[in-house]
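Since the structure comes first, as C-alpha cells, the remarks are kept for the end.
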Number of protein chains: 2
Amino acid sequence: MKPTAAAATPQLLRRVNAQSVLGFIRNTESATGTELMNHTGLTRASVIAVCEDLIRRGWIRELDARGEDQPAGPRKGRPARRFEFNAKAGFVLGIDIGAATTTAAVADLRGTVVGRSSEGFRAADIPAAERIDVVDRACRGALAAAGTGPGSVLAVGAGIAAPVDRDGKVLVTQHFWSLFDVGLRAALQDLHGWTVLLENDANLAALGERWRGSGAGVDDLVVLLAGERLGAGVMESGRLLHGRGGAAGEMGYLDLVAGVGSSDGIASLARQWSAAAGGPAAGGPASARRVFEDAAAGDPAALAILDRIADRMARVIATVASFINPEQVVLGGAVADSAQALLPGITARLPRLTATPPRVTVSPLGDSIVTVGAVRHALDYVEANALELELSLSAGPRL
Amino acid sequence: MKPTAAAATPQLLRRVNAQSVLGFIRNTESATGTELMNHTGLTRASVIAVCEDLIRRGWIRELDARGEDQPAGPRKGRPARRFEFNAKAGFVLGIDIGAATTTAAVADLRGTVVGRSSEGFRAADIPAAERIDVVDRACRGALAAAGTGPGSVLAVGAGIAAPVDRDGKVLVTQHFWSLFDVGLRAALQDLHGWTVLLENDANLAALGERWRGSGAGVDDLVVLLAGERLGAGVMESGRLLHGRGGAAGEMGYLDLVAGVGSSDGIASLARQWSAAAGGPAAGGPASARRVFEDAAAGDPAALAILDRIADRMARVIATVASFINPEQVVLGGAVADSAQALLPGITARLPRLTATPPRVTVSPLGDSIVTVGAVRHALDYVEANALELELSLSAGPRL
DNA sequence: GGCAATATATTTAGCTTGTATCTAAATTAT
DNA sequence: ATAATTTAGATACAAGCTAAATATATTGCC
C-alpha cells in the first residue's frame with residue numbers, strides 16, 4: 001500500500017523558505033540579508049542558511065563586498081552581504097510551431113531573450129521526421145545566437161495550433177498536428193534530454209500577454225489569437241483553462257452556434273480578417289492593407305467590411321464575457337496590427353451585448369506573442385521545480 | 001515593511017501532516033494508527049502525536065479498544081488503537097435563497113443532512129430587514145430540527161441568484177439582490193457570529209452536483225441551473241470559475257449573441273421552459289406537464305415545442321463546450337424533472353455543433369441542488385481551515 | 001586618530017517536529 | 001506454556017527554525 005500523500009518532513013521547510021527567498025531575489029536586482037529578512041519573514045540565521053544553500057546549488061551568487069553600483073541603502077554599519085539571482089545559471093527555450101514557419105527563442109532565467117531563430121517548413125505536409133528536424137534546427141540556431149548550447153537548457157515551452165490537455169497530451173482530432181506533435185515532445189527529449197512542455201498556442205499567447213503584454217497583472221484574461229486560425233487562450237484567477245481535453249477556447253465550430261450561417265461565422269471571419277490584413281492564409285498582400293487604408297480614407301465599402309468584422313468580434317467577445325467574465329480581452333496574433341482600427345467599433349457594441357463588458361486591447365507583442373508565452377511557460381516550470389533541478393555548474397554559459 | 005510571505009516554521013509541518021491525517025480519517029469509518037501510517041507516509045510516532053493533537057482539538061475521537069463492530073483487520077497481534085472522525089464536533093449550514101422561498105439545511109461534518117427548514121417570503125419586494133429575518137427563521141428552524149443550536153455552526157454557505165466574486169462580494173448590477181445580500185452576510189455574522197460564505201446559486205449547484213449528483217469525480221463540469229432564471233456554474237480542474245466580478249456563467253444577455261432574435265433567445269427560453277414545466281415564473285401548472293405528456297403521447301405541436309427547446313439548449317451547451325470544454329454538462333434546477341425528455345434531442349444535435357461534445361445528464365438532486373452545494377461550500381471552508389477553527393468542546397451537540 | 005553609533009554577521013542555546021530504532025505489551029496460533 | 005505477530009511506547013538523533021548574545025566592519029563625530 002503506497003502512501004497517498006508524502007509526509008511533511010523538516011526538509012520541506014527549507015524547500016518552502018528557499019522558494020520564498022529565491023522568488024524574491026529573482027524579481028530584484030540584488031538583495032542583502034536584511035532585505036530578505038524583511039520580505040520573507042525569516043530570521044537572519046535562516047536567511048543566511050538558505051542563501052548558502054542556494055549558492056551551493058548555483059541559483060544565486062554572492063556579490064563582492066561593496067562593489068561598484070550598490071544601491072543607496074543605509075550608509076552606516078557593517079556592510080551587508082549582497083546576493084543576486086544567477087540569471088545565467090541556465091536557459092529556457094520558447095518555440096512557436098506554426099503551419100508555415102517555426103520560431104525558437106532562448107531566454108535566461110529572468111526571461112531576457114538572448115537568442116532567436118526562425119526556420120520555414122518546405123511544405124505543409126512534410127513527414128514528421130522532417131518537421132522535427134526543422135524545429136530542432138531553429139532551436140540550435142537560437143542557442144548558437146545566444147552563445148550557449150543544448151546542455152544549458154532547463155526547460156522548453158512549445159506552442160502548437162491544436163488542443164493540448166493539462167498533461168501536455170495532444171487531443172486527437174481532425175488536425176493532422178496530433179500525429180506529429182506527440183513525436184516532437186519525445187524527439188526533443190531523446191535528442192537533448194530536454195523537458196518539453198507542449199501547450200496550445202493561444203494559451204501561451206495568454207501567458208505572454210499577461211507577462212509582457214497589455215494584460216500585465218490581470219488575473220482574468222482572454223487572448224483571442226487570430227492568425228492562421230482563431231483561438232482563445234483563457235486565464236481565470238491567474239490560471240490557464242484547459243478543460244477536459246485541452247480544447248477550451250477552441251472556437252472552430254462556433255459559427256454554427258453564434259452565427260446565422262457558416263459563411264458568415266467565426267471561422268470564416270478569421271479567414272476574412274487574415275486575408276484583409278495580409279496574413280498567410282489567403283488573399284495575399286494584394287487585398288491587404290488596402291481595406292484598412294481605404295477605411296481610414298473613408299471608403300464606404302471598406303468601412304462596411306470593418307464594421308462587419310467588428311460586429312462579429314464583438315459577439316465573440318460578448319459570448320466569452322458571459323461565460324468567463326474576464327476583466328480584459330486582448331486581440332493578438334498576425335492580425336494585431338490591423339486590430340486597432342476595429343477597437344472603437346467593438347467597444348461601442350459591447351455594452352448592448354453583455355452585462356459585463358471587458359476592457360478590450362490590442363496586443364503589443366506582435367508575432368512574438370506565442371514565443372514570449374512559451375518562454376514564460378518554460379520559466380514557470382523552472383521556477384516551480386527549481387530546487388529539484390540540477391544545474392550543471394560551470395563558469396559562464398556552457399556549450 | 002511587512003513580510004510578503006509568512007516564514008515556514010516547524011509548526012507548519014504539524015499542520016500539513018495533521019491535515020493529511022484528518023483528510024484521510026474523515027473519509028473512512030475509523031482508522032488504526034497503522035492504517036494512518038500507510039496512507040499518510042508518516043511514522044507511527046508522528047501519527048500518534050498528530051492524533052493526540054487532533055483529539056485535544058476535538059476533531060477526532062479514540063474508540064474503546066476492541067469495541068463491537070471492528071472491521072476485519074489482522075487477527076493476531078496487540079490490538080490497535082482506533083480513531084474516528086468526530087462528525088458531530090460541529091455543523092454547517094447550507095442556505096438556498098430564492099426569490100419566493102428560502103431553504104436552510106444543517107449538516108454534520110461528514111455532510112449528512114440532519115435538519116432542514118423552508119420559509120416563504122411574504123412578497124418579492126419586502127425590505128431587507130424582513131428578508132434577513134425570514135432567512136434567519138429558516139436557519140433556526142433547521143438547527144432546531146437537527147437538535148442543535150447556533151453555537152455549533154462552524155460555517156454557513158449561502159447561494160443567491162446574483163453574481164458573487166471570489167471574495168464573496170456581490171456584483172452591483174441591475175439585480176435588486178445586491179443591496180440586501182451584502183446585508184445578509186453581515187447580519188448573520190452579527191447575529192450569531194457565523195462565518196457566512198456567499199456564492200452564486202449556479203456555482204453552488206455545480207459544487208453539489210460534483211459532490212452528490214451525477215457529476216461525481218468530474219473535474220471539468222458545467223451545471224446549467226434553470227429555474228427562476230438560467231445560470232451556469234462552471235468548474236474547471238475541480239475549481240469554480242468566477243471571473244473578474246463573479247459573473248462567469250451569467251447568460252442573461254446571451255440571446256443577443258447566440259440567438260437570431262431576442263424573442264427566441266436564451267432568456268426567453270428559460271421562461272418558456274419554466275412555464276412549460278410549471279415553474280414559478282409564468283404560465284402556471286395549467287399549461288404545465290401537459291406539453292410533456294402530450295409530447296410523450298406523440299402530439300406534433302408539443303413535440304415541436306420540445307424540439308425547439310432542445311435546439312436552444314444544444315446551442316448553449318455547444319457554446320460552453322467551445323469555451324470551456326467540460327467533460328460533462330448537468331441540467332438542474334426546477335426544470336430537472338422535465339429535462340429527461342429533452343436529453344435525446346440535445347445529445348443528437350451536439351456533434352454537429354461542437355468538436356468536443358460533453359456528456360449531458362440530468363441532475364438527480366431535484367430542488368435541493370443548491371442547498372447541497374451550499375453545504376459542500378461550507379464544508380470546504382471548514383476542512384481547509386480546520387486547524388484554525390476552535391471547536392467549543394462539549395458532550396454531545398450544543399444548544 | 002580614536003571612539004561611539006550603527007548595521008550586519010556569527011555563534012550558541014533551545015524548541016518543534018520529524019525519522020529511525022529498540023523494547024514492551026497484548027493477542028492469536030501452535 | 002510458548003512462539004509468532006502486531007502494535008504501543010520510549011529513546012536517540014537530525015533538520016530546521018527562533019531568539020538572544022556576541023563579534024565585526026563601517027560611518028561620523030570629536
Side-chain angles (χ1 to χ4, degrees), chain A residues 1 3 5-22 30-57 60 62-68 70-83 387, chain B residues 1 3 5-22 30-57 62-67 70-83 387:
Chain A
M1 191 176 296
T9 63
Q11 287 84 340
L12 175 67
L13 299 180
R14 175 54 57 93
R15 287 217 347 224
V16 170
N17 287 329
Q19 280 281 18
S20 176
V21 167
L22 192 54
S30 66
T32 67
T34 305
E35 285 164 17
L36 290 170
M37 286 173 61
N38 291 336
H39 284 91
T40 61
L42 293 168
T43 58
R44 171 162 262 115
S46 301
V47 165
I48 296 298
V50 165
C51 283
E52 267 157 15
D53 233 42
L54 290 173
I55 288 172
R56 203 170 330 111
R57 290 160 178 270
I60 67 175
E62 182 165 4
L63 295 176
D64 310 349
R66 284 284 137 166
E68 325 70 45
Q70 303 306 348
R75 292 241 152 275
K76 292 187 270 195
R78 176 171 173 169
R81 296 169 69 176
R82 294 200 81 87
F83 305 95
L387 301 176
Chain B
M1 189 177 296
T9 63
Q11 286 82 343
L12 175 66
L13 298 181
R14 174 55 56 94
R15 286 214 350 219
V16 169
N17 287 330
Q19 281 281 17
S20 176
V21 167
L22 192 54
S30 66
T32 67
T34 305
E35 284 163 18
L36 290 170
M37 287 173 61
N38 290 337
H39 283 91
T40 61
L42 292 168
T43 57
R44 169 162 264 113
S46 301
V47 164
I48 296 297
V50 165
C51 283
E52 268 159 13
D53 234 41
L54 290 174
I55 288 173
R56 204 172 329 112
R57 291 162 177 269
E62 183 166 2
L63 295 177
D64 309 349
R66 283 283 139 165
Q70 304 304 346
R75 291 244 153 274
K76 290 188 276 194
R78 176 170 172 168
R81 295 170 68 177
R82 294 201 81 87
F83 304 96
L387 300 176

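Just so it is clear: chains get the letters A, B, ... in the order the sequence lines come, proteins before strands, and each one is counted from 1.
- Side chains of A:Thr9 and B:Leu13 form no contact here, defined as non-hydrogen atoms less than 4.5 Å apart.
- Note on B:Leu42: only backbone sugar-phosphate atoms sit closer than 4.0 angstrom, heavy atoms only; bases stay farther off.
- With B:Glu52 as the partner, the salt bridge (charged side-chain N to carboxylate O under 4.0 Å, His left out) test is satisfied by one option alone out of B:Arg81, B:Arg14, B:Arg57: B:Arg81.
- Closest approach to the A:Arg78 side chain among D:dT18, C:dA7, D:dT6 is made by C:dA7 (side chain taken as heavy atoms from C-beta onward).
- When heavy atoms are screened at a 4.0 angstrom cut-off, B:Thr43 is found touching base atoms of the nucleic acid.
- With contacts defined as side-chain heavy-atom distances shorter than 4.5 Å, the pair B:Leu54/B:Leu387 qualifies.
- Between the CD atom of A:Glu52 and the C1' atom of D:dG16 there is a distance of 15 Å, rounded to whole Å.
- Counting non-hydrogen atoms under 4.0 angstrom, B:Ser46 reaches a base of the nucleic acid.
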- Base, backbone or nothing for each nucleotide of nucleotides 11-17 of chain C, written B, S, -, heavy atoms under 4.0 angstrom, 5' to 3'? -----BB
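- No side-chain donor-acceptor contact under 3.5 Å links A:Ser46 to the backbone of A:Leu42.
- At D:dC17, none of the side-chain N or O atoms of B:Thr9 fall inside 4.0 Å of OP1 or OP2 (strictly under the cut-off).
- Distance CZ/B:Arg82 to CG/B:Leu36: 9.5 Å, rounded to 0.5 Å.
- Looking at the side chain of B:Arg44, the nearest of the listed nucleotides D:dT7, C:dT8, C:dG18 is D:dT7.
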- Intermediate values then yes/no, side-chain contact (heavy atoms from CB on, under 4.5 Å), B:Thr43 and B:Val47: CA-CA 6 Å; B:Thr43 57; B:Val47 164; over 6 Å; no
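- Listed nucleotides C:dA9, D:dT26, D:dT18 differ in distance to A:Arg81; the shortest reach to its side chain belongs to C:dA9.
- Distance, A:Arg15 CZ to D:dA15 C1': 15 Å, rounded to whole Å.
- Inter-residue side-chain proximity for B:Ile55 and B:Phe83 is flagged as met; some heavy-atom pair is nearer than 4.5 Å.
- For A:Thr32, there are no side chain to side chain donor-acceptor pair (under 3.5 Å) partners at least two apart in sequence or on another chain.
- Considering only heavy atoms from C-beta on, B:His39 stays 4.5 Å or farther from B:Val21 through its side chain.
- In this structure, CZ of A:Arg82 is placed 15 Å from C1' of C:dA9, rounded to the nearest angstrom.
- For the pair B:Gln19 CD and C:dG18 C1', the interatomic distance rounds to 18 Å; values are reported in whole Å.
- Following rounding to the nearest Å, A:Glu62 (CD) and C:dT8 (P) show an atom-to-atom distance of 15 Å.
- Rounding to whole angstrom units, CG of residue B:Leu36 and P of C:dG18 are separated by 14 Å.
- As a whole-Å value, the separation of B:Ile48 CD1 from D:dT6 C1' is 13 Å.
- A rotation axis mapping the C1' atoms of four pairs onto the next four is fitted at both ends of the helix from C:dG1-D:dC30 to C:dT30-D:dA1 over five pairs, and the angle between these axes is 20° to 10 degrees.
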